[in-house]
Number of protein chains: 2
Amino acid sequence: MSTHHYYQLQGYFRELIELKTLKSGSKLPSEREIGEQFKLTRVTVRQALQNLEAEGLIYRQNRKGWFVTPPAVVYNPSSHLSFNLYVTEQGFVPHTEKLMQQIEPANAYIAQLMNIPEHAPVLYLHRRRYINQRPVLIEKMYINTRLLPGIEKEDLTQSLSQLLKNNYQREYRDMDLVFKSTSLPSSAADDLGISAGQPGLHIERINYTADKQVLEVDYEFWRHDAVTINIAIRD
Amino acid sequence: MSTHHYYQLQGYFRELIELKTLKSGSKLPSEREIGEQFKLTRVTVRQALQNLEAEGLIYRQNRKGWFVTPPAVVYNPSSHLSFNLYVTEQGFVPHTEKLMQQIEPANAYIAQLMNIPEHAPVLYLHRRRYINQRPVLIEKMYINTRLLPGIEKEDLTQSLSQLLKNNYQREYRDMDLVFKSTSLPSSAADDLGISAGQPGLHIERINYTADKQVLEVDYEFWRHDAVTINIAIRD
DNA sequence: TAACCAATCTGGTCTATACCAGTTTAAATC
DNA sequence: GATTTAAACTGGTATAGACCAGATTGGTTA
């Protein structure tokens, strides 16, 4: 319990982080250095670090080191604010990168949702989004090109909600959301530079137009420590 | 990557679970047995098991063994269904245990929310909830006794929404929700029989009456593999 | 039959060590 | 000064072994 070595080490770093002796984003000493300082093996040090990672206090970059987790951004789906907007409003710097884009035939699930024939073309978009230089979110989405003709020719690193508003006079309205706390699939983990198996937050979102048509189906994989979900339910 | 021993072992068990050769709730061989069978050390075996745990496929019971995770229950806060109801509807067996109950003075945050003087009495209730015998959820809540006089004398293992409806002609309506994927605090982990540091889902909920008064402030800690959140946003 | 107890089994924690694969750094070279 | 290259450093993976504490089991005793 409280006397275990890894537990004490967790407490040590937790305090340093809470007192801001270790500041947000700063690097921890290497696992070997910590082990030397506390006369512990790397196995024990890593157990403590992994627990702090699960707590969301620190995170790692592959073969670079361990870092203090920056504050999480608050994501409020019902506000209908774009990623860029709510991240900026909370004092962070957003950035979006397009990893892949292609027109592809809709699978059965997507086709049914969008009320289009199976194999009808939809736009697949794969993006990585950053907060303060840190990759926090992988997005894979299917966009209903029937409702948004020519959208594949636009700059798809920008905010989609802006694009919809400006070019198509459409806005996000109703949405269905599914949240699941689980480890990141290896493809998403790779894209985020995380070792596979790290905990993450999976969000599946279906966006509807004002007239109840499916505009977009979105699969998001967040670093678990990067986001807090905030929802108000009003009947 | 894919050639790593732990990774292959994960694949092995993932397949057994998906094919239902290993059935929901059943026990895996002991870490030592697995190690012997695959000529791996316990460290490696444990890494694979811990990854599968993060994935939500298996879970452990302290010093008892590893078990296949049962299907997650879907929790839809906007449906206003009670725990007992939605768990039952999905074919599981719910059970609630009261761990602690006491009248205590409201702290500043609670008092402000409930619009009562600081230190005014509120009912603190601490419960553990089970799905099919498995503890999945720790609830700590503060109940506004001004709106619900005498509630502390009722049977508080039952559904609160039922109690409110039957005895007070009140119903849950609006609510504010905050979700965060993080490791369970040690108190909650102990209550769930989980080793501290395991990932979990933390939900903070504020329940309002129809006339916008705060009925209850609720802190929930879920096993991360036991629940999926489902929300429909309709403006 | 019921209660107890000891052996055994389980995961939990920990030491010591090794090699690998990317990253960073600093020296050597152009 | 800019570029290349090699050494040093980082976390990632893995072996081998040890002891602990709670859970289970089966036999012994009352």
Would you kindly give the CZ-to-P distance between B:R46 and D:dG12, to the nearest whole Å? 18 Å
From NZ of B:K27 over to P of C:dT10, roughly how many Å is that when rounded to an integer? 6 Å
Nucleotide D:dC19, atom P - distance to CZ of B:R63 in whole Å: 17 Å
Give me, pair by pair, the N or O atoms of the protein and of nucleotides 14-16 of chain D that are less than 3.5 Å apart, along with how far apart they are.
from   : atom 1 : to    : atom 2 : distance (Å)
D:dA14 : OP1    : B:H5  : N      : 2.5
D:dA14 : OP2    : B:Y6  : N      : 3.4
D:dT15 : OP2    : B:T41 : N      : 3.2
D:dT15 : OP2    : B:T41 : OG1    : 2.9
D:dT15 : OP2    : B:T44 : OG1    : 2.6

Examine distances only and state if a side-chain atom of B:H5 and a backbone atom of B:A48 form a donor-acceptor pair shorter than 3.5 Å. no
Heavy-atom closest contact (A:D218 atom, A:E139 atom, distance): OD2-OE2, 3.6 Å
Please work out if A:R32 contacts a base, only the sugar-phosphate, or nothing of the nucleic acid, heavy-atom cut-off 4.0 Å. base
Would you kindly give the CG-to-C1' distance between B:N62 and C:dC9, to the nearest whole Å? 14 Å
Find the distance B:E31:CD to D:dC19:P and express it as a whole number of Å. 19 Å
Quick check: does any side chain N or O of A:T88 sit under 3.5 Å from a backbone N or O of A:N84, one acting as donor and the other as acceptor? yes
Ignoring hydrogens and angles, state whether a donor on the side chain of B:Y130 or B:E97 is under 3.5 Å from an acceptor on the partner side chain. yes
Whole angstroms only, please: what is the CD-P distance between B:Q8 and D:dT13? 13 Å
What I want to check is whether the side chains of B:H126 and B:D191 have a donor and an acceptor closer together than 3.5 Å. yes
Can you measure A:F67 atom CZ to C:dT24 atom C1' for me and round it to whole angstrom units? 12 Å
Assess, by modelled atom type and distance only, whether the side chains of A:T96 and A:R127 contain a donor and an acceptor separated by less than 3.5 Å. no
Under 4.0 Å between a side-chain N/O of B:R60 and OP1 or OP2 of C:dT10, yes or no? no
Would a distance-only check, ignoring hydrogens and angles, find a side-chain to backbone donor-acceptor pair under 3.5 Å from B:S161 to B:Y172? no
Candidate nucleotides C:dT10, D:dT24, D:dG12, ranked by approach to the side chain of B:K64 - the nearest: D:dT24
Return the value, rounded to whole Å, for the distance between atom CD1 of B:I58 and atom P of C:dT10. 15 Å
